[in-house]
Amino acid sequence: MNAFRQHDLTEYLERIYATYHHPRFLYADPLALVHEFSTPEDQEVAALFAALLAYGQVGQILKDLRDLYERMDWRPAAFVRDFQPQDAIRRLADFKHRFTEGEDIATLCALLHRFTKKGSLEARFRECVDDCDVDLAPALDRFVGRLLDESLPRGYDKERILAKHSFKHLVPRPAAGSACKRWFLFLRWVVRPRDGIDLGLWPSVSPSKLLMPLDSHIRRITANLGLLEGSGASLKAARKVTEALRQISPHDPTRYDFALCHLGILQECPTQPSLRACAACELKPVCKLCGALTRQQRSQNRAY
């Protein structure tokens, strides 16, 4: 990214940040429910499930998360810490979020129960961090690998469950080339300092190595800004976007994630291009799509 382009993007991204990186927009985010928990321990576990179930329509995500937390008696940390295999199967038997099943959630709880007996989630993740890595993708893959290596209680068919499509979707790994949007969303929530949105629960992990959670809104908007080519979601694409934003914010490359994502969620940057929306958008001067639409409109006007 050349210096002039970087300067322009910084100015306009900061405007978007100032408008949208605000707790008033949490209502349209799974993180809203995590803020309802009062202890760091409950926030951490609630955030993990909120992030891993953050696929589909936000209204449905929030509804199903409330259902899940209710089944955990609104004490997710204790539910994992004091995990009871048969009780969990009973409580979660008919839970479903799209194609994630209660068995998937119970299995993840069982793995987390064993995994965190050897240290907190933060400590276990920090064990996986190699300071030579340029980002947290390798650490995340080690972390997930160690989590999945844990044994399961009697009555859980580990080989069958871990082979299920629904479980593999719930707990993806970067080594497979996945953008791992939901894992990186969780890491953003717990690693970035507490600011009314992010939680600041893992101070031992550097925000400078976070990767952008590459959801459909971020893919579309960063492509409009010329930071990403194509619309595919992959680890390579997540790294490309993050590297561009790291040039603007070296110590905090995911700084603009919440703001840009909610620009899309709220349809201020609509899925279907709109000159009216573009005209009011703070990013218009640096948006390739806005420029193309404006040129098209001018051409049509001249034709008339």
Side-chain angles (χ1 to χ4, degrees), residues 30-31 34 40-55 76-77 79-81 83 100 104-152 156 158-159 161-164 166-193 198-215 233-239 242 252-254 257:
L31 190 52
V34 179
E41 294 78 15
D42 277 330
Q43 286 188 347
E44 180 183 63
V45 178
L48 179 63
F49 287 107
L52 293 181
L53 292 176
Y55 67 98
F79 188 84
V80 169
R81 183 186 64 243
F83 183 75
T100 297
D104 303 320
I105 299 295
T107 300
L108 179 55
C109 289
L111 292 168
L112 289 168
H113 172 71
R114 297 287 181 92
F115 190 60
T116 52
K117 281 186 175 296
K118 303 166 190 172
S120 67
L121 278 177
E122 178 187 7
R124 297 304 313 271
F125 188 86
R126 192 66 187 85
E127 291 171 4
C128 299
V129 174
D130 184 333
D131 292 336
C132 295
D133 292 333
V134 297
D135 57 45
L136 292 179
L140 175 60
D141 196 71
R142 297 180 197 112
F143 177 79
V144 177
R146 293 179 187 183
L147 173 64
L148 297 180
D149 280 344
E150 294 292 340
S151 60
L152 288 175
Y156 285 67
K158 182 176 181 180
E159 183 176 356
I161 296 172
L162 267 60
K164 288 172 60 182
S166 59
F167 188 85
K168 289 192 288 187
H169 177 268
L170 181 67
V171 189
R173 295 187 65 169
S178 167
C180 289
K181 182 268 290 189
R182 291 166 291 124
W183 272 121
F184 289 122
L185 187 62
F186 168 70
L187 289 174
R188 195 207 87 202
W189 290 351
V190 296
V191 169
R192 288 193 77 249
D198 292 315
L199 303 168
L201 297 175
W202 289 9
S204 69
V205 182
S206 173
S208 67
K209 294 194 174 185
L210 288 169
L211 278 165
M212 283 290 284
L214 204 63
D215 71 358
S234 65
L235 182 59
K236 181 179 179 181
R239 281 175 159 156
T242 304
D252 190 8
T254 63
D257 177 50

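Looking at every heavy atom in both residues, Leu185 comes nearest to Ala54 through CD2-CB, 4.2 Å. Heavy atoms only, all atoms of each residue included: Phe83 and Cys109 are closest at CE1-CB, 3.6 Å. Across all their heavy atoms, Ala77 and Val45 have their closest contact at CA-CG2, 3.9 Å. Looking at every heavy atom in both residues, Leu152 comes nearest to Ala110 through CD2-CB, 3.7 Å. Listed here is the closest heavy atom pair of Pro207 and Pro193: CG-CD, 4.3 Å. The heavy-atom pair separating Asp133 from Pro138 by the smallest distance is OD2-CB, 3.4 Å.
Among the candidates Leu235, Leu136, Leu187, the single residue satisfying the side chain to side chain contact (heavy atoms under 4.5 Å, CB included) test with Leu211 is Leu235.
In this view, Tyr156 satisfies the side chain to side chain donor-acceptor pair (under 3.5 Å) rule with no residue, not counting sequence neighbours. Ser178 is linked by a side chain to side chain donor-acceptor pair (under 3.5 Å) to nothing, counting only residues two or more places apart in sequence or in another chain. In terms of the side-chain contact (heavy atoms from CB on, under 4.5 Å) criterion, residue partners of Pro40 (sequence neighbours excluded) are, by chain and number, Leu201. Residues satisfying the side-chain contact (heavy atoms from CB on, under 4.5 Å) test with Asp149, not counting sequence neighbours, are none. Ala50 is linked by a side-chain contact (heavy atoms from CB on, under 4.5 Å) to Pro30, Val34, Leu65, Tyr69, Trp189, counting only residues two or more places apart in sequence or in another chain. Evaluation of the ring pair (Phe, Tyr, Trp, His ring centres under 6.0 Å) rule for Phe125 yields Phe143, Trp202 as partners, not counting sequence neighbours. By the side chain to side chain donor-acceptor pair (under 3.5 Å) test, Ser208 is found to be paired with Ser206, residues two or more places apart in sequence or in another chain being considered. Residues forming a salt bridge (charged side-chain N to carboxylate O under 4.0 Å, His left out) with Asp215 (at least two apart in sequence, or on another chain): none.
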Run the side-chain contact (heavy atoms from CB on, under 4.5 Å) test on Leu52 and Phe186 for me, step by step, so that the C-alpha distance in whole Å, both residues' side-chain angles and the decisive distance to 0.1 Å come before the verdict. CA-CA 8 Å; Leu52 293 181; Phe186 168 70; over 6 Å; no
Step by step, work out the side-chain contact (heavy atoms from CB on, under 4.5 Å) result for Val190 and Leu48. CA-CA 9 Å; Val190 296; Leu48 179 63; over 6 Å; no
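Once rounded to the nearest 0.5 Å, the distance linking CG of Leu108 with CG of Leu148 reads 8.5 Å. Atom CZ of Phe79 and atom CD1 of Ile105 lie 10.0 Å apart (nearest 0.5 Å). Taken to the nearest 0.5 Å, the CH2 atom of Trp183 stands 8.0 Å off from the CG atom of Leu170. The line from CD of Glu44 to CG of Leu199 is 10.0 Å long, rounded to the nearest 0.5 Å. Interatomic distance, CG of Asp130 versus NZ of Lys209, reported as 7.0 Å (0.5 Å rounding). Rounding to the nearest 0.5 Å places OG1 of Thr116 at 11.5 Å from CD of Glu41.
In this structure, the side chains of Leu112 and Phe49 come closer than 4.5 Å at one or more pairs of heavy atoms. Residues Asp42 and Pro76 are in side-chain contact: their nearest non-hydrogen atoms beyond the backbone lie under 4.5 Å apart.
A salt bridge (charged side-chain N to carboxylate O under 4.0 Å, His left out) check over residues 118-128, counting only residues at least two apart or in different chains, returns the pairs Lys118-Glu150, Arg124-Glu127, Arg126-Asp131, Glu127-Arg146. The salt bridge (charged side-chain N to carboxylate O under 4.0 Å, His left out) pairs that include a residue from residues 166-189 are Asp141-Arg173, Arg188-Asp198, Arg188-Asp257, where partners are two or more places apart or lie in different chains. Counting only residues at least two apart or on different chains, the salt bridge (charged side-chain N to carboxylate O under 4.0 Å, His left out) pairs with a member in residues 104-113 are Asp104-Lys164.
Using cut-offs of 30° and 60° on the angle between ring planes, the pair Tyr55 and His169 is perpendicular.
Side-chain N or O atoms of Thr242 include one that pairs as donor or acceptor with a backbone N or O of Met212 at under 3.5 Å.
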